[in-house]
Structure formats: C-alpha cells, structure tokens
Amino acid sequence: MSMPIDPRSLKKRKNSEGQFKALSFMAISVAGIFLVLFFSDIIRKGYTAFQQTEIKAVITYSQTIFDNPRSALDPRINPLVSRGVTRILPMHLRENPQLLGQTEEFWVLANAEVDQYVKGKPNRLKPNEAALVDELLAEGTIKKAFNIGFFTNGDSKLAEMAGIFSAAVGTLYVLCITFIFSFPAGVMAAIYMEEFAPDNRIMQIVEVNINNLAAIPSILFGLLGLAIFINFMGLPRSSALVGGLTLALMTLPVIIISTRAAIRAIPDSIREGALALGATHWQLVWDHILPLSLPGILTGTIIGLARAIGETAPLLIIGMVAYIQDVPRGLTSSATVLPAQIYVWSSESIRAFTERTSAGIIVLLVVLLTMNAVAILLRNKYERKW
Amino acid sequence: MTTSYLTQYLLMGLLPLALFGYLIGRRKIRAQQDPAARYKTSENLFGWFAVVRMLVPAVIICAGATILDLFVDSFEVPWPMFAATALLLAAGSMWLAVRAINPRLKVRTMIEKTIIRVLLLASLISIMTTIGIVLSIVFEAVNFFRLVNFWDFLTGTTWNPDSATIDEDGRTQPLFGSVPLFAGTFMITAIAMCVAIPVGLLSAICMSEYASLPLRRIAKPALEILAGIPTVVYGFFAAITVSPLVVDLAAKVGLDASYTNALSPGLVMGIMIIPLVSSLSDDVISSVPQSLREGSLALGAYPSETIKRVVLPAALPGIISACLLAVSRAVGETMIVVMAAGLQPNLTWNFLEGMTTVNVRIVDALTGDQAFDSPETMAAFGLGFVLLMLTLCLNIISLTVIRKFRLRYE
C-alpha cells in the first residue's frame with residue numbers, strides 16, 4: 001500500500017529546508033561581519049595615534065627657559081606648539097645642564113589641533129594657522145614621528161601628551177593582586193569540592209552559589225568592594241589593592257569552575273592506581289591530580305585573568321577612574337587601569353582624544369588576545385586525551 | 001593600618017620561625033631514628049609537622065584580632081604588642097610540637113587533616129563573597145528604604161534625586177521613582193535579546209548541525225574573540241560608531257533620533273551576548289541524544305524539520321534557561337549603557353530617544369562628588385538591591401533548569 005505524495009508539498013519542504021539552512025549560516029556570518037567591521041573601525045580610528053606630529057624648533061637654552069619656556073620658541077610657530085613644552089623644555093635643560101647657553105635643533109610636540117590637521121582629521125585650526133602648517137610641511141619642519149610618548153607618559157589633560165604608561169603599570173599591579181588572591185584560593189576550593197567534600201546539603205549550596213556568583217553582574221562586585229573593602233575595612237580608595245581584591249572575588253568562580261572541570265577530566269584509573277599503591281588521598285592529589293590537571297587549571301586562570309583586566313564597571317565604583325597622571329608608587333596609592341583609562345578618554349570632549357582612545361583599545365585588545373591565544377596554545381599543547 | 005602591620009609581622013616573624021621549626025623538627029626525628037632505617041620523606045614530614053603546629057595558632061589569633069578590630073568599634077588592637085604575643089605563642093606551640101616528636105607519632109595524618117581543613121576554608125570564600133555582596137547592599141539599601149518607601153520606589157514614575165538641593169525650603173521631597181530607570185533597562189535588554197537570541201540560537205544550530213569542520217574551526221574562535229572583547233570597548237564602539245550611524249539612518253527615514261538613543265547600546269549589547277547564548281545552546285543541543293535525531297531523519301524528515309520538531313522541543317528547557325542567563329547578563333551589563341545610553345530618566349516606548357538605566361544611575365551616583373550618606377548615593381544601593389534580587393532570581397531559575405535538563409539525558 002502506498003500513500004500518494006503531493007509533489008508540491010515535497011517542494012515546499014525542500015524550500016523551507018534551504019531557507020532554514022541559509023538562515024543559520026547568516027546567523028554565524030553576523031558575528032563574523034561584526035568582528036570585521038569592529039576591528040577595521042577601531043584600527044582605522046586608532047592607528048594614527050601611534051604617530052605624533054612634531055615641529056622643528058631652534059632653541060637657545062638660557063635661564064629664561066625656567067621662567068618663560070615659550071620665549072625660547074620662534075614666535076611664528078609658538079601658537080602651533082603644545083602647551084606641554086612649558087614642562088618639557090625646563091625638564092630637558094635640567095637633565096642636560098651642559099646645554100645652557102647653547103643652541104640646538106629640537107623637535108617639539110605640536111598641539112592636538114595641528115596634529116589632527118596634519119593627519120587629515122576634523123580639527124579646529126584657524127585658517128591662517130592651517131596655512132602656516134601647510135607652509136611648514138612644505139619646508140619639512142613639521143613631521144610625523146613614532147609616538148613614543150604614548151607608551152611612556154601617564155594621563156594628561158593635553159591630548160598630545162597623554163599616554164598609557166601609568167595605566168599599564170596600574171593594570172600590572174591589579175593583575176598581580178588578583179592572581180595572588182584568586183589563584184591559590186580558587187584551586188584549593190576546587191580541589192576540596194572535587195576530592196574531599198562530603199556530598200551533603202552544604203556542598204550543594206556552595207556549588208549552586210559558585211555558579212550563581214559567576215553570573216552576578218560585575219557592578220555588584222564594585223558595590224561590595226566599596227562597602228566592604230573601602231568603607232568597612234578602611235583600605236585606601238582607588239588603590240590597586242582594592243581593585244585587585246574586588247577583581248579577585250570576581251575571578252574566583254571562573255578559576256574554581258575551570259579547575260573542577262580539569263580535575264574531573266582525569267580518569268579514575270590514575271586515582272585507583274595511586275591509591276592501590278598505598279598513597280594517601282593528599283599524596284594522590286599533590287603528586288598526580290594537580291600536575292596532570294595543571295594545563296587545564298592554567299588555561300582557565302589565564303582566561304579568567306584576561307576577563308578581569310578588561311573589566312571596568314566595578315573599578316568605576318571603587319574610584320579607579322580618577323585623573324591619575326603618575327605611575328602608582330605602591331599598592332595603596334591611587335592607580336588607574338587600561339580599561340578605566342579608555343573610559344576616561346572616551347568621555348573627553350576634545351576630538352584628538354578619540355584616536356588616543358582607539359589606540360588604547362588596540363593595545364588592550366592586543367594584550368587580551370595574546371593572553372587568550374596563550375591559554376588556547378597551552379591547552380592544545382598539554383591537554384591529554386585519556 | 002592593620003594590613004601593613006600584619007604583612008610585616010607575617011613576613012618578618014613567621015617565615016624565619018617556620019624555617020627554624022622545619023629544620024629543628026627534622027633534626028629531632030633524625031636523632032631518634034636508627035640511621036640505617038631512615039626515610040627522607042618522613043623526616044621532612046616531621047619538619048612540616050612543627051611548621052603546621054606553629055602556624056595554626058598564629059593564623060587563628062591573627063584572624064581573631066583582625067575581626068575584633070574591624071567589627072568592634074571601641075576595640076583597638078595594640079598591634080606591636082599583639083604581634084609580639086602572637087609570635088611568642090607561635091614559638092611556644094612550635095616548641096611543644098618539637099618536644100612531642102617521636103617516631104610513632106602519626107604526623108602524616110595530622111598534616112593532611114590540617115590541609116583538608118584549609119581547603120574547606122578556601123571553598124567557603126565563595127559563600128562569604130555572596131554573603132558579603134548581599135550584606136553590603138542590603139545594609140545600605142535598608143538605610144535608603146528608611147527614607148523612601150519601598151513601594152513608592154518600585155512604582156514611582158519620576159526619578160529626580162536632586163530636587164532636594166534645588167529648592168531649599170518648599171516642597172523638598174526628592175523623588176525616587178525607579179520605573180523610568182527599569183523601563184530603560186528593560187527596553188535596552190529587550191533590544192539586545194532581539195539580536196542575541198535568534199542569532200545566538202541559529203549559530204548554535206548551524207555549528208552543531210550544518211557547519212563543516214573548517215567552518216567550525218573558524219567560527220568557534222571568532223565567537224570566543226567576541227566574548228573576550230572588554231565591555232568598555234563595546235561601549236566606546238556603541239557610542240562613537242553605532243550611535244551616529246543610527247542617527248543618520250533615522251534621519252534618512254525622516255525620524256528624529258537622539259545620540260543617546262536606546263537602540264545603539266541595545267544592538268551592541270546583543271552582539272556582545274551572542275557568544276553566551278550560542279555556547280550555552282550549543283551545549284544543550286549537543287546533549288540531546290543522537291538517537292532522537294537519527295529516528296527523525298530515518299523517517300524521512302529534513303534536517304531542518306528534525307531540528308524544529310525534535311531537537312529544539314527536546315532542548316527547550318535548556319534553551320530557555322540559556323535565554324534567562326542572557327537576560328540576566330544584559331540587565332547587569334554596565335559599561336555599554338554608561339557610555340552609550342543617556343543620563344536622563346525617560347519613560348517612553350520610543351527607542352530612538354535617550355533613556356537611562358539602573359546601572360547608569362548607580363555609576364553616576366557613586367562616581368560623583370556626593371557625600372557617602374547623601375540620599376542619592378544611598379539610592380544607588382537601593383537600585384543595586386533590586387538589581388541583585390532580579391539577577392539572582394534569573395540565575396537561580398536558569399541554573400536549576402539547566403541542571404535538571406542535564407540530568408534528564410545523562
């Protein structure tokens with residue numbers, strides 16, 4: 001007995017199959033297209049910040065530089081030069097006292113508007129100044145050079161002087177604190193839960209709680225840091241210590257979850273073998289389970305730390321976004337971190353900061369992608385299939 | 001200055017003491033044992049035994065003093081004297097331990113018991129973190145709800161915490177009606193979900209059912225990169241690139257859009273959440289037993305029909321809980337809205353207008369110059385409380401559903 005099949009319905013089904021398949025491939029390509037758009041946009045906005053416009057000035061060093069640094073400059077280029085020279089020139093002379101009384105060619109920083117004009121970006125340069133810049137460009141006394149200052153300076157209100165150095169040092173401090181507090185505690189907790197914990201109600205609560213903690217909004221960790229570390233324990237506000245502790249609490253569940261997964265991946269035969277030879281439970285953990293699961297643990301830790309140093313919201317709450325120019329001198333002095341620096345620059349109204357922000361983002365993304373790549377390489381190289 | 005004192009004391013006092021204890025414990029057992037029957041490892045264990053016996057009372061007394069100092073206002077620990085006492089106690093305890101050393105002492109068992117207790121303490125840190133979050137928020141929120149009626153807070157439609165400072169003596173009640181803030185949060189969350197759920201779910205389906213291996217090799221890292229981009233970067237992108245784009249497009253259609261519209265943070269947040277939805281649904285979809293798929297395909301169904309009629313219904317609980325987690329993530333996301341959404345509370349259906357959200361107001365209140373006990377700062381904790389409860393419920397529901405779902409097919 002055969003059922004009559006309507007060829008139209010068959011065709012319709014086939015069409016809808018094709019549509020569905022196309023739709024699902026479209027969904028994947030959305031992510032790809034976004035990534036391409038996003039990276040090209042950020043790089044297009046930011047790559048110019050790695051170059052900085054400089055103006056050649058002939059400077060005669062005299063005592064007046066200490067009182068009125070601008071007097072040493074040619075009055076023609078004076079309006080084009082960054083206000084930062086009032087600091088740079090006296091500092092240069094103080095470091096090289098033998099220059100006193102001598103004349104030297106010195107490439108001084110152009111101000112942000114000139115810089116933007118030279119790079120062909122929107123600017124507020126007056127027409128006569130723009131003409132002057134064109135003239136100097138033709139003379140070759142204005143050039144674009146690699147922007148070392150971006151990597152060696154701290155934050156500044158002047159876009160042309162602003163750099164990421166203090167933020168990078170702050171990030172390093174915060175990263176160290178986060179690692180010191182979250183890694184041992186996370187691994188220890190995971191070992192306990194996988195190896196020693198009795199299967200009772202309390203451990204079930206702990207388990208649910210850890211999964212839940214991993215999904216709590218990061219801003220609430222900021223409220224915790226503010227209320228407990230700063231107001232209750234009296235640790236200094238906007239310090240790397242408080243930032244690191246707050247991020248450590250945030251990273252802890254990530255490390256615990258990945259460590260548990262790594263421990264669980266070890267086959268029982270290893271356990272049984274060690275126990276059969278008379279090892280105690282702790283010897284089993286210390287001599288076999290930990291070394292075998294270390295690649296997995298480190299991968300999880302690096303991914304957790306990468307997430308922590310990209311985090312901004314809790315650090316906003318505990319005051320790590322203040323205007324911080326200097327490199328933090330210690331764990332308890334005011335510090336800022338890269339994402340916070342990006343946030344501060346992005347809210348500046350001066351256009352020249354946009355490219356700095358994008359350049360900061362490029363640096364941050366390079367750091368984070370490197371960390372993630374290291375984690376993935378580590379996993380691929382050392383992960384054992386049992 | 002408790003922290004610096006404690007670190008100094010730990011480093012300067014306990015470390016040399018520990019080294020000394022280790023050496024002396026080992027030496028003691030070496031003297032007692034027959035040199036012919038020596039086990040080096042167990043000798044070291046006796047050294048560790050002395051160290052552990054010394055550290056335990058020192059750490060306990062340190063923790064006790066810190067807690068006393070923090071919780072009892074009137075009690076001020078005299079740190080130099082305390083450090084001396086603690087070190088003496090540690091040394092005394094070590095001396096007792098060394099005295100007790102003899103070959104029949106079961107040191108390994110004792111040490112391992114201590115280690116396991118320390119591990120237990122470490123696993124309780126996460127519980128204490130949750131308690132810390134709940135307490136720190138509830139404590140401040142209670143103060144706030146003493147000033148402002150909880151019901152008014154939840155149902156009021158005007159958010160204007162500044163009105164107290166504007167007119168000094170007239171009708172000076174600042175208004176803390178949180179409806180406009182939550183409306184903004186839900187509007188942006190809804191937009192984000194419209195992007196994240198279909199795209200995330202479909203890409204999970206594509207990855208698990210259609211994609212060839214090479215495509216999967218490219219798509220999976222791409223999604224991981226998407227998940228690894230920091231939120232502050234997404235925020236910058238939303239504010240600098242997407243918002244002007246949205247305004248231009250709206251102008252082309254003849255609509256008036258604000259630069260702080262709700263659409264652009266929503267769209268970018270949706271993109272941000274795609275990897276979360278797709279990886280969770282991928283897990284769920286691949287845990288549906290293969291036999292169900294094969295059964296359906298054997299009956300002549302197309303793959304898409306199998307997915308729509310068999311796989312998705314079977315995976316539904318898991319997918320719903322993935323969506324709930326995504327909502328919780330969107331509600332809690334801060335940087336994108338802080339950078340791309342507006343500051344003005346605005347109760348509207350028009351997502352091209354500027355809207356503010358709960359998280360924006362929290363950040364705004366806590367990064368401003370207000371005193372810590374000003375109503376606006378306390379309001380931030382009130383908002384934080386509602387946010388905590390909301391995300392907590394979403395998380396717990398979805399985590400339980402996922403767990404039950406996994407058990408069903410295991």
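Reminder, nothing fancy here: chain letters follow the sequence lines and each chain counts from 1.
- Contact tally against chain A (heavy-atom pairs below 4.5 Å) for B:Thr334, B:Asn359, B:Leu223, B:Ile396: the top residue is B:Thr334.
- In this structure, A:Asn372 contributes its side chain and B:Ile225 its backbone to no donor-acceptor pair below 3.5 Å.
- For B:Phe139, no part lies near chain A; criterion is any non-hydrogen pair under 4.5 Å.
- For chain B, the nearby part of A:Asp41 is the side chain; its heavy atoms alone come within less than 4.5 Å.
- For A:Ile42, the part sitting under 4.5 Å from any heavy atom of chain B is the side chain, from C-beta outward, and nothing else.
- Counting heavy-atom pairs closer than 4.5 Å to chain B, the top-ranked of the candidates A:Ala197, A:Gly319, A:Ser16, A:Ala27 is A:Ala27.
- In this structure, the portions of A:Leu316 lying under 4.5 Å from any heavy atom of chain B include both its backbone and its side chain.
- Proximity to chain A is limited to the side chain of B:Ile137, based on heavy atoms less than 4.5 angstrom apart.
- For the atom pair CG (A:Asn211) and CG (B:Leu399), the distance works out to 5.5 Å, reported to the nearest 0.5 Å.
- Contact annotation for A:Ile376: only side-chain heavy atoms (C-beta onward) come within less than 4.5 Å of a heavy atom of chain B.
- For A:Met203, the part sitting under 4.5 Å from any heavy atom of chain B is the side chain, from C-beta outward, and nothing else.
- At a 4.5 Å heavy-atom cutoff, A:Ser347 makes no contact with chain B through either its backbone or its side chain.
- Taking the side chain as every heavy atom from C-beta outward, B:Pro230 and A:Thr312 never approach each other to under 4.5 Å.
- For A:Phe232, the parts lying near chain B are the backbone and the side chain together; criterion is any non-hydrogen pair under 4.5 Å.
- Residue A:Phe39 touches chain B through its side chain alone, counting heavy-atom pairs closer than 4.5 Å.
- When side chains are defined from C-beta on, B:Leu202 counts as touching A:Phe20, because their heavy atoms get closer than 4.5 Å.
- Here the closest non-hydrogen pair linking A:Ala185 and B:Ala122 is O-CB, 3.7 Å.
- Within the 4.5 angstrom heavy-atom criterion, only side-chain atoms of A:Lys45, from C-beta onward, approach chain B.
- Across every non-hydrogen atom of B:Val232 and A:Gly310, the tightest pair is CG1-O, 4.5 Å.
- Proximity to chain A (any heavy atom under 4.5 Å) is restricted, for B:Ile271, to the side chain, taken from C-beta onward.
- Residues of residues 29-38 of chain A that come closer than 4.5 Å to chain B, counting heavy atoms only, are A:Val30, A:Ala31, A:Phe34, A:Leu35, A:Phe38, ordered by residue number.
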Acceptor/donor pairs from residues 244-253 of chain A side chains to any protein atom, 3.5 angstrom cut, sequence neighbours excluded:
{"residue": "A:Thr246", "atom": "OG1", "partner": "A:Val242", "partner atom": "O", "Å": "2.7"}
{"residue": "A:Thr251", "atom": "OG1", "partner": "A:Leu247", "partner atom": "O", "Å": "2.6"}

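- Considering only heavy-atom pairs separated by less than 4.5 Å from chain B, the leading option among A:Leu368, A:Val206, A:Ile210 is A:Val206.
- Heavy atoms closer than 4.5 Å to chain B are found in the side chain of A:Leu364, but not in its backbone.
- Proximity to chain A (any heavy atom under 4.5 Å) is restricted, for B:Val338, to the side chain, taken from C-beta onward.
- Within the 4.5 Å cutoff, no side-chain heavy atoms of A:Trp286 are placed close to those of B:Ile115.
- Enclosure of atom NZ in B:Lys308 by more than 12 non-hydrogen atoms of other residues, nucleotides or ligands within 6.0 angstrom is indicated.
- Taking A:Thr280, A:Thr354, A:Ile309 one by one and counting their heavy-atom pairs under 4.5 Å with chain B, the maximum is reached by A:Thr280.
- A:Gln283 has its side chain within reach of B:Arg108: a pair of non-hydrogen atoms, C-beta onward, lies under 4.5 Å apart.
- Looking at B:Ile218, there are no atoms closer than 4.5 Å to chain A (heavy atoms on both sides), in backbone or side chain.
- With a 4.5 Å cut-off on side-chain heavy atoms, A:Trp345 and B:Phe236 do not count as touching.
- Nearest heavy-atom pair across A:Ser24 and B:Tyr210 is OG-CD1, 3.5 Å.
- Residue contact with chain A, scored on non-hydrogen atoms closer than 4.5 Å, involves the side chain of B:Ala219 exclusively.
- Taken to the nearest 0.5 Å, the OG atom of B:Ser126 stands 13.0 Å off from the CD1 atom of A:Ile255.
- For chain A, no part of B:Glu209 is nearby; none of its heavy atoms comes within less than 4.5 Å.
- Heavy atoms of A:Arg44 lying under 4.5 Å from chain B are absent altogether.
- Pairing each heavy atom of B:Met339 with each of A:Ser346, the nearest pair is CE-OG, 3.1 Å.
- For the atom pair OG of B:Ser136 and CG of A:Asn231, the computed distance is 10.0 Å after rounding to the nearest 0.5 Å.
- For a residue to count as touching a neighbouring chain, one of its non-hydrogen atoms must lie under 4.5 Å from one of that chain's; by this rule A:Arg13 touches chain B with backbone and side chain alike.
- By the side-chain hydrogen bond (donor to acceptor under 3.5 Å, both in side chains) test, B:Tyr302 is found to be paired with no residue, residues two or more places apart in sequence or in another chain being considered.
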Let me have the donor-acceptor pairs involving side chains of residues 213-226 of chain A, under 3.5 Å, with sequence neighbours excluded, atom names and distances please.
{"residue": "A:Ser218", "atom": "OG", "partner": "A:Glu311", "partner atom": "OE2", "Å": "3.2"}

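- Between chain A and the residues B:Ile274, B:Thr241, B:Leu120, B:Leu201, the most heavy-atom pairs under 4.5 angstrom are made by B:Leu120.
- Interface check for chain A: of the options B:Ile125, B:Val134, B:Thr129, the most heavy-atom pairs under 4.5 Å are formed by B:Thr129.
- Considering only heavy atoms from C-beta on, B:Pro303 comes within 4.5 Å of A:Glu17 through its side chain.
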